[in-house]
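Everything on this sheet refers to the single structure shown next.
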Amino acid sequence: MISLSTYLLTIIITSMIMNLALALYGIFFKPHLTKKIIALTILGDTANTFAIIVGYRRWVFSNTPSRPPVLVNYTNVSQEELIKFVNTAVDPLPQALVLTAIVIGLAVTLFLVFLALQIYRLYGTLDVREIKRLKG
Amino acid sequence: MDFSIIQSFIIYVLPIYMVAFVLYTIRALKGPTISDQVLAIDAMSYDLAAFLVVLSIFFKEPILIGTAIVLALWIYALDIYIAKYLEKKEVGE
Amino acid sequence: MKHVLGLIIILLFIIGFSLVLTVAGNYILPSQEIRSLAKYYLYLAYNPWHRNFTVMSPEAVTSIVWDFRGLDTVFETAVFYLAIIGSIALGRGIVKYSKPSGKLGLSLIVKTVTRISAVMIIAVAASIALHGHLTPGGGFQGGATAAVAPLLILIIFSHYYLLEKGVTKDLMLFLRSLGLTGIGIVAIIVYLMALPQGIHAYVLQNQPKPDSSIGLPAYIDGQLISGTLWFFNISEFFAVMAGFTIVFLLITIPERAFKKEEEVERQ
Amino acid sequence: MLLVTALASIFSVIAVYYAIMEKNLVRAVVFSAIQSTIYAFIYYMLMAPDIVLVYIPVAVGLYPAVILILISKTEKVEKQ
Amino acid sequence: MIEDILVVIGMIMIGVGAVADLIAAIGMNRFKNFYLRLHAATIGTIWGAFVPLIGASLVATGCYCLGSYRWFVTGGGIITAFLVLILAPAGSHALARATHRSGLVKVEPCVVDHLNEEMCVKEG
């Protein structure tokens with residue numbers, strides 16, 4: 001039951017949880033707004049990575065790799081090849097969801113950057129502790 | 001030629017690439033100045049592009065090759081941004 | 001207060017981490033099998049034997065993005081549109097600024113290389129977007145790739161070079177509206193085709209369905225275009241590229257333009 | 001092959017740690033770029049070429065540029 | 001026959017690229033100065049990236065086992081090799097020039113520096 005690949009996959013997931021915790025720490029406790037934006041991008045990327053890992057398929061045998069969800073020889077494909085493709089490809093649904101999430105994350109980050117720039121033009125600082133006028 | 005020969009050759013070459021990437025990453029994390037870090041990322045990513053092509057032959061998946069083209073294009077952009085920042089001019093000019 | 005929040009985060013981390021360690025082998029870690037829904041998608045993405053259900057695109061991701069879960073993507077395009085609109089609303093303002101004298105941009109070597117590579121970037125992006133239904137790629141990927149070319153030109157030459165070449169905010173707004181209109185038209189085109197013939201049809205329909213026998217052709221002149229997917233990819237390519245270019249044009253307006261305006265206001 | 005992916009994910013943790021803890025914001029952006037490159041490699045090894053194609057322009061080409069423009073227009077160093 | 005020769009040449013080029021990568025990575029860690037590390041980076045990009053890319057293209061050309069899409073690998077490899085060949089030196093140039101102009105890294109140890117005498121730190 002316990003195999004080397006299980007251990008390695010656990011290492012990957014544990015590292016991603018660690019990244020998530022570090023990014024959350026950065027968002028909560030770092031006072032500078034630019035650092036908060038950087039931590040936010042890292043958080044989004046890590047969340048996307050979790051979705052990809054959920055859709056991954058382990059190698060069936062040690063030398064038969066799982067394939068990307070793209071049918072290569074689509075002209076005159078036979079039924080057997082199609083069944084083999086279905087039995088070796090990874091899950092395409094998380095990839096499709098993450099694909100749009102990345103582009104929209106970039107658009108939202110651009111919006112946040114404009115917001116930070118406007119704050120700097122108005123208050124002359126980006127440190128949260130110094131922006132007293134935003135309180136109340 | 002038989003495909004298994006190519007595959008086993010790539011398996012023997014793989015550890016050399018991995019040691020090189022680990023050393024590059026150490027320099028990229030450690031580098032005393034920003035320029036050292038960016039230079040290490042630069043060299044690492046071009047080698048990574050070559051490595052991705054080799055791996056796509058290993059996996060027998062020709063469609064994975066598009067990723068290497070995009071990676072080779074974009075690392076150049078990171079160099080340019082840091083250089084522009086170091087020149088101490090405003091970004092649009 | 002600060003320490004309480006930190007303690008809560010650490011406790012949550014411990015609880016979540018032990019949860020992962022407990023159920024790791026069963027639920028979190030990927031196994032050798034995938035879900036049956038994913039097998040259904042993979043089986044129907046390109047399947048000449050089930051013409052009433054298939055998308056006729058060998059790429060499963062693009063067929064999910066624009067056919068199986070097409071409505072999701074249309075709404076996410078709307079979110080993207082609103083985020084860009086918000087950025088434009090924050091970044092604009094009546095600013096007048098003049099071109100400074102002197103040498104602009106980086107050195108001559110970099111400029112020459114960029115002249116070559118910008119063309120190649122646009123070519124690679126177009127090939128990614130146009131082959132999105134055959135190989136990995138699509139509208140989002142092509143648009144994000146093409147958006148880096150204006151940014152490189154902005155940084156290496158200057159803000160004014162791009163404006164002098166005719167890439168202005170109004171042109172990009174026009175292109176973006178064109179892309180969004182294209183998405184809207186392609187979404188209802190099968191419905192519009194079916195309306196005069198009195199056939200039942202769906203919004204975002206691509207290939208013939210069991211209860212509606214109309215659909216866009218999968219092949220044109222022997223080339224596989226997968227019905228609506230090709231048109232969706234082109235429209236999304238223009239929408240994403242133009243949207244990002246507007247924001248980059250606004251964000252690189254020099255800071256002195258805003259400062260001068262504030263001084264005028266104070267006087 | 002999973003060994004390579006596990007090694008990459010461990011290095012990504014180090015890069016994220018430095019990116020969060022660094023006081024100089026430009027160096028934080030550079031560490032974030034290292035993390036992006038490693039994540040792109042992880043996506044490749046998890047057989048997601050579509051994600052790699054959209055992630056590399058966004059995370060290596062556009063995020064650092066946008067954040068560097070923000071830094072060059074505002075403050076360079078995070079105060080303690 | 002000719003296909004076998006192409007595959008063998010390609011595999012040799014991939015091996016040479018791997019060794020060059022290792023040498024460049026060691027040099028990147030051992031050299032003491034930013035301007036010295038530029039040499040190691042050049043080894044890494046030209047010998048470590050350009051040569052294995054051409055080698056991979058040759059392997060893909062000669063190997064029938066990749067199917068009809070192997071021309072895709074060949075074309076992609078050659079395009080990537082061309083991109084590396086023109087983009088890597090330009091990027092290094094921009095970075096080195098900006099670093100020297102901004103005075104971030106002193107030239108040390110130095111014999112002569114014609115661009116800016118203040119950057120030159122003589123030994124001893």
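Proteins get letters first, then strands, A, B, ... in listed order; numbering begins at 1 in each. Quantities reported herein were computed from a predicted structural model and do not represent experimental measurements.
- For the set Leu106(A), Leu126(A), Ile11(A), Thr46(A), the count of heavy-atom pairs under 4.5 angstrom toward chain D peaks at Leu106(A).
- For Ser12(D), the parts lying near chain A are the backbone and the side chain together; criterion is any non-hydrogen pair under 4.5 Å.
- Using a 4.5 Å cut-off between heavy atoms, Leu53(D) does not touch chain A at all.
- Heavy atoms closer than 4.5 Å to chain D are found in both the backbone and the side chain of Thr125(A).
- Remark: Leu110(A) CG to Leu70(D) CG distance equals 11.0 Å, nearest 0.5 Å.
- Residue Ile71(D) touches chain A through its side chain alone, counting heavy-atom pairs closer than 4.5 Å.
- Within the 4.5 angstrom heavy-atom criterion, atoms from both the backbone and the side chain of Val113(A) approach chain D.
- Interface remark: Thr49(A) contributes backbone and side-chain atoms alike to the contact with chain D (heavy atom separation under 4.5 Å).
- Between the CD atom of Gln95(A) and the CE atom of Met47(D) there is a distance of 10.5 Å, given to the nearest 0.5 Å.
- The greatest number of non-hydrogen atom pairs below 4.5 Å with chain D, out of Asp45(A), Ile42(A), Leu117(A), Val90(A), is found for Asp45(A).
- Options Ile38(A), Asp127(A), Val98(A), Val103(A) differ in how many heavy-atom pairs under 4.5 Å they form with chain D, and the most are formed by Ile38(A).
- Counted within 6.0 Å of OH on Tyr17(D), heavy atoms from surrounding residues, nucleotides or ligands total 12 or fewer; the atom is thus considered open.
- Between the side chains of Tyr43(D) and Asn48(A), not a single donor N or O lies within less than 3.5 Å of an accepting N or O.
- Between Ile12(A) and Met45(D), the closest side-chain pair of non-hydrogen atoms is not below 4.5 Å.
- In terms of non-hydrogen atom pairs under 4.5 Å with chain D, the most contact-rich of Gly26(A), Pro92(A), Pro68(A) is Pro68(A).
- Here the CE atom belonging to Met16(A) is positioned 4.0 Å from the CD1 atom belonging to Ile42(D), to the nearest 0.5 angstrom.
- Distance check: Ile53(A) CD1 to Leu46(D) CG gives 6.0 Å after rounding to the nearest 0.5 Å.
- Panel note: side chain Lys35(A), backbone Lys23(D); no donor-acceptor pair is recorded below 3.5 Å.
- Ile51(D) CD1 to Ile52(A) CD1: the interatomic distance, rounded to the nearest 0.5 Å, is 4.5 Å.
- Of the listed residues Ala19(D), Ala48(D), Ala59(D), the one with more heavy-atom pairs under 4.5 angstrom with chain A than any other is Ala48(D).
- Only the side chain of Tyr39(D) comes within less than 4.5 Å of a heavy atom in chain A; its backbone stays farther off.
- With rounding to the nearest 0.5 angstrom, the OH atom of Tyr56(A) is 5.0 Å from the CG atom of Leu2(D).
- Of the atoms belonging to Ile37(A), it is side-chain heavy atoms, and not backbone ones, that fall under 4.5 Å from chain D.
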